[in-house]
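Here is the structure we will look at, set down as structure tokens.
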Amino acid sequence: MASLPSVVIGNAVKFDPEFRKLTPTSTLQFEKCYSSSTKELDKSFESFSLEFREALSFITQGGNTDELESSSYVPLLQECINNNSVSGVESIHAHITKTGFSQELFLMTFLVNAYAKCGTMDRARRVFDNLSQRNVVTWTSLMSGYVHNSQPEFAISVFKEMLEIHGYIVKYDIEYDASIGNALCSLYSKCRNLGMAIKAFKRIEEKNVISWTAAISACGDNGNSAMGLDMFVQMLSEGVNPNEITLTSVLSACCTMQALDVGSQIHSLTIKLGYGSDLPVTNSIMYLYLKSGYISEAKKIFDGMNTISLVTWNAMIAGHAEMTSVAEDGLSAHLCGIEALKIFQRMKKSGLKPDLYTFSSVLTVCSSLVALEQGEQIHAQTIKTGFLSDVVVGTALVNMYNKCGSIDRATKAFVEMSIRTLISWTSMITAFAQHGLSQQALQLFEDMRFVGVRPNKITFVGVLSACSQAGMVDEALAYYEMMKNEYKINPVMDHHACLIDMFVRLGRIDEAFEFIKKSDLTPNEFIWSILIAGCRSQGKLELGFYAAEQLLQLKPKDSETYFLLLNMYFSAGRWKDVSRVRKMMRDEKVDKLTDWSWISIRDKVYTFKFGTKKHHPSDEVAKFLEDLVDRARTLGYNVDTNLEVVDEGKEEPTALAAPHSEKLAVAFGLLNTSKATHIRVIKSISMCRDCHNFIKIVSTLTSRTIIIRDSKRLHKFVNGKCSCGDFGGLI
DNA sequence: CTAGGGTTAG
């Protein structure tokens, strides 16, 4: 932390490393605390084709250009656009001026387009302003230029200007042809105004494929994929044939809706229409299968592709990365993460350079795997390639360091970002909260508001959980009211879970029940679980049994919920209830809990499983663990048999002869890493209280920081204390 | 000459 620079965030907040907090200040000027490597915007002519270079030097170095006509410049400008070469456009522009072709409207319009596509809107604007005449295409080029360069407000003002001028001449009877309507539809869509986009679409009298495609993607881009699908059907019924671009849009809509049934029909349609080997179409289909969980199907498509692009690789990596958080069990989640990293290596081997999409996904994988070392390597690569300056990559990095248990580096990554979105702020607030640093989380939240960023419901989940951890009841309720009244955000279950968790932590279980009673939301599985865990630890058995009955009526989905119930009834000696829960588990086909742990050391992942020979620890590890247990006993550790995770198929809990997987993983880590290294373990299910107590003591005994990410949350053990405040929803 | 597409972060 000491190495952090003091910097100004935005133009209003100062980060003070010594106090680890941000202080609002409106007087300080914005300072950048690190120089992002400049993105390569322009390329030298070296990369151009030989023909182009010859043609260019011919015309610019005074060759005989008498034969040249205005359209001769078009392929040259096109080549500059393809190479993103502003200087190329500039030299051609200069030559056009010299030869007097600047009177040709057609050519000057293309020049506006060329400057716009190369990302230099100021130059495009200058050319436009100097024209003595303009037509619809010229105006549309300029407007679209602003849209492409993420300056929608300029695009709108260009459009208004155009309307004014047109209206003046033809009294509002302007030509509202498809090209204007299409551009408007996309413009409104990019301004996040779906209603206006659809309005613009509907005004088009003769809608063409592009109009329909623009409208369908507008729906998808603005969170209404279902409407996009409807429009696609409507388009077909009106006899308009989709092309490859329409198909990609609609496939992407299927993907976000997880509508594999419709998607596979569209898959057939693409083949029927002859787009079966179009690259973007195939990418979308592959990604659709991947996101729907059909990995082998996706792999078949991938293997059958003749040409693949960076997007193809990115889609594969992103698909596997996402699977790490949606997979049914910890093991398959873990394997997906490993597979994603393998695909990343293969991609690099094939000679392709990763881009911001690749880096964001791969960083997500590292956070799921708690693979700090790999994460650090990727971090280095993002610096080298300049992609770290991208907000999404930067946010993914913050998240990676957080989930790997390094709040200091997460903070540093956050401070060094030059742009922050709501998601960046929310990530950092949540990170502080997860690490039990409630004050910092709340301070950052205030700074975010001070800078003028509007929080959303996820931000408030972070804020409320920070309050909950610190037992700040008044503050929590105040923020809850602020969310409802000031920001008009309707509370969701997660917000209530934070508040109930807070009461339970403070031992105020009755208030927790009160809160549920007067709430508008029907409590879910998660809420009842919090209450049951609280009742158990405070010995309020009657309330616990009551909550359990409510919970059972909901037919819970999560296996861990059933084990919580089993353990509660088991420790109370209520055998009838134990068998009742077991029966329900069979009826509902609840997965059994499988206790896996993983530890990643120097790029290799080691796996441990509870109670099996195959993953049995070496004698050395077993011996070391026994020693640790003995030493822990001297510090007051008592094996708590009541709290053992009940193993599937046995009426009584397994004895402690077989230690839980995280004990093995931690012991292995301690043996195989140097003194200063933090131990980082992932676990497939929640930690039990016995292991939690034990690891706390081990962190003291060994003077090591031990980080265990279980299925519910992060536990960071330092000097006998855990960041979860001993209330980690422990089974 | 202008308008539409596939992959990324909480």
Side-chain angles (χ1 to χ4, degrees), chain A residues 70-71 73-74 77-78 104-114 116 135-145 147-148 177-187 189 200-201 204 208-218 220-221 242-253 255 278-288 290-291 309-319 321-322 355-364 367 387 390-400 402-403 421-431 456-459 461-462:
Chain A
S70 61
S71 60
Y73 291 102
V74 170
L77 284 170
Q78 189 59 55
E104 297 263 0
L105 177 55
F106 156 83
L107 183 58
M108 298 315 279
T109 302
F110 203 119
L111 200 58
V112 170
N113 171 38
N135 63 13
V136 181
V137 179
T138 325
W139 282 98
T140 313
S141 299
L142 187 70
M143 177 171 83
S144 312
V147 174
H148 277 299
D177 67 352
S179 30
I180 289 279
N182 299 346
L184 266 183
C185 178
S186 125
L187 169 64
S189 165
F201 166 76
I204 305 169
N208 58 23
V209 209
I210 298 178
S211 324
W212 284 100
T213 310
I216 291 168
S217 11
D221 292 344
N243 63 15
E244 76 279 19
I245 297 174
T246 326
L247 291 167
T248 7
S249 297
V250 77
L251 280 165
S252 135
C255 198
D278 181 84
L279 183 55
V281 168
T282 318
N283 284 341
S284 313
I285 293 171
M286 186 192 79
Y287 194 59
L288 172 69
L290 202 52
K291 290 265 272 193
S309 64
L310 183 56
V311 177
T312 319
W313 288 106
N314 285 349
M316 274 302 257
I317 296 169
E322 170 150 331
D355 69 354
L356 64 165
Y357 288 92
T358 330
F359 283 127
S360 320
S361 298
V362 168
L363 284 169
T364 304
S367 43
F387 286 112
D390 179 79
V391 227
V392 179
V393 174
T395 308
L397 190 71
V398 170
N399 191 36
M400 185 275 290
N402 169 40
K403 289 215 176 130
T421 62
L422 168 63
I423 300 182
S424 324
W425 288 97
T426 304
S427 302
M428 196 62 230
I429 291 168
T430 309
N456 69 4
K457 62 178 177 191
I458 301 174
T459 320
V461 174

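All chains are named by letter (A, B, ...) in the order of the sequence lines, taking the proteins before the strands, and each is independently numbered beginning at 1.
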Could you check A/T138 against A/M108 for side chain to side chain contact (heavy atoms under 4.5 Å, CB included), going step by step and ending with a plain yes or no? CA-CA 8 Å; A/T138 325; A/M108 298 315 279; over 6 Å; no
Length of the line joining [X]:[atom1] and [N]:[atom2], which is rounded to integer Å:
| X | N | atom1 | atom2 | value |
| --- | --- | --- | --- | --- |
| A/L363 | B/dG10 | CG | P | 11 Å |
| A/N243 | B/dG5 | CG | C1' | 9 Å |
| A/K291 | B/dT8 | NZ | C1' | 10 Å |
| A/I285 | B/dT7 | CD1 | C1' | 15 Å |
| A/L251 | B/dG4 | CG | P | 19 Å |
| A/N283 | B/dT7 | CG | P | 9 Å |
| A/L422 | B/dG10 | CG | P | 13 Å |
| A/F106 | B/dT2 | CZ | P | 9 Å |

Carefully, step by step, assess A/F106 and A/V74 under the rule side chain to side chain contact (heavy atoms under 4.5 Å, CB included). CA-CA 10 Å; A/F106 156 83; A/V74 170; 3.9 Å; yes
Could you give the distance from [atom1] ([X]) to [atom2] ([Y]), rounded to the nearest 0.5 Å?
| X | Y | atom1 | atom2 | value |
| --- | --- | --- | --- | --- |
| A/L184 | A/S211 | CG | OG | 11.5 Å |
| A/L187 | A/T140 | CG | OG1 | 11.0 Å |
| A/N456 | A/W425 | CG | CH2 | 14.5 Å |

A/N402 and A/S427: CA distance, side-chain angles, deciding distance, side chain to side chain contact (heavy atoms under 4.5 Å, CB included) verdict: CA-CA 9 Å; A/N402 169 40; A/S427 302; over 6 Å; no
Across the strands shown, which category fits A/F110 at heavy-atom distances under 4.0 angstrom: base, sugar-phosphate, nothing? sugar-phosphate
Within the 4.0 Å heavy-atom criterion, would you say A/T430 contacts the bases, only the backbone, or no part of the nucleic acid? nothing
Residue pair A/S252 / A/S284, side-chain donor-acceptor N/O under 3.5 Å: no
Nearest to the side chain of [X] - [options]?
| X | options | value |
| --- | --- | --- |
| A/N208 | B/dA3, B/dG10, B/dG6 | B/dA3 |
| A/V137 | B/dT2, B/dA3, B/dG6 | B/dT2 |
| A/D390 | B/dT8, B/dG4, B/dC1 | B/dT8 |
| A/I423 | B/dG5, B/dT8, B/dA9 | B/dA9 |
| A/T421 | B/dA9, B/dG10, B/dA3 | B/dA9 |
| A/N135 | B/dC1, B/dG10, B/dG4 | B/dC1 |
| A/H148 | B/dG5, B/dG10, B/dA3 | B/dA3 |
| A/S252 | B/dG10, B/dG6, B/dC1 | B/dG6 |
| A/T364 | B/dG6, B/dA9, B/dT8 | B/dA9 |
| A/I210 | B/dG6, B/dT8, B/dA3 | B/dA3 |

According to a strict under-4.0 Å criterion, is A/S249 in side-chain N/O contact with OP1 or OP2 of B/dG4? no
Does a side-chain N or O from A/Y287 land closer than 4.0 Å to OP1 or OP2 of B/dT8, or not? yes
Tested for side chain to side chain contact (heavy atoms under 4.5 Å, CB included) against A/I285, the lone hit among A/D278, A/T248, A/L251 is A/L251
Among A/T395, A/V398, A/V392, A/L397, find the residue that satisfies the side chain to side chain contact (heavy atoms under 4.5 Å, CB included) test when tested with A/L363. A/L397
Establish whether the base of B/dG6 is bridged to the side chain of A/T248 by a donor-acceptor pair shorter than 3.5 Å. no
With hydrogens left out and only the distance checked, is there a donor-acceptor pair under 3.5 Å joining A/D278's side chain and the base of B/dG5? yes
With the threshold set at under 4.0 Å for non-hydrogen atoms, list the residues of residues 391-399 of chain A touching DNA chain B in residue-number order. A/V392, A/T395, A/N399
Going by the angle between their ring planes, with limits at 30° and 60°, are A/F359 and A/F387 parallel, tilted or perpendicular? tilted
For DNA chain B, which consecutive runs of 3 or more Watson-Crick or G-U pairs (each distance under 3.5 Å) count as stems? none
Go through the steps for A/L279 and A/T312 under the test side chain to side chain contact (heavy atoms under 4.5 Å, CB included), then give the verdict. CA-CA 8 Å; A/L279 183 55; A/T312 319; 3.9 Å; yes
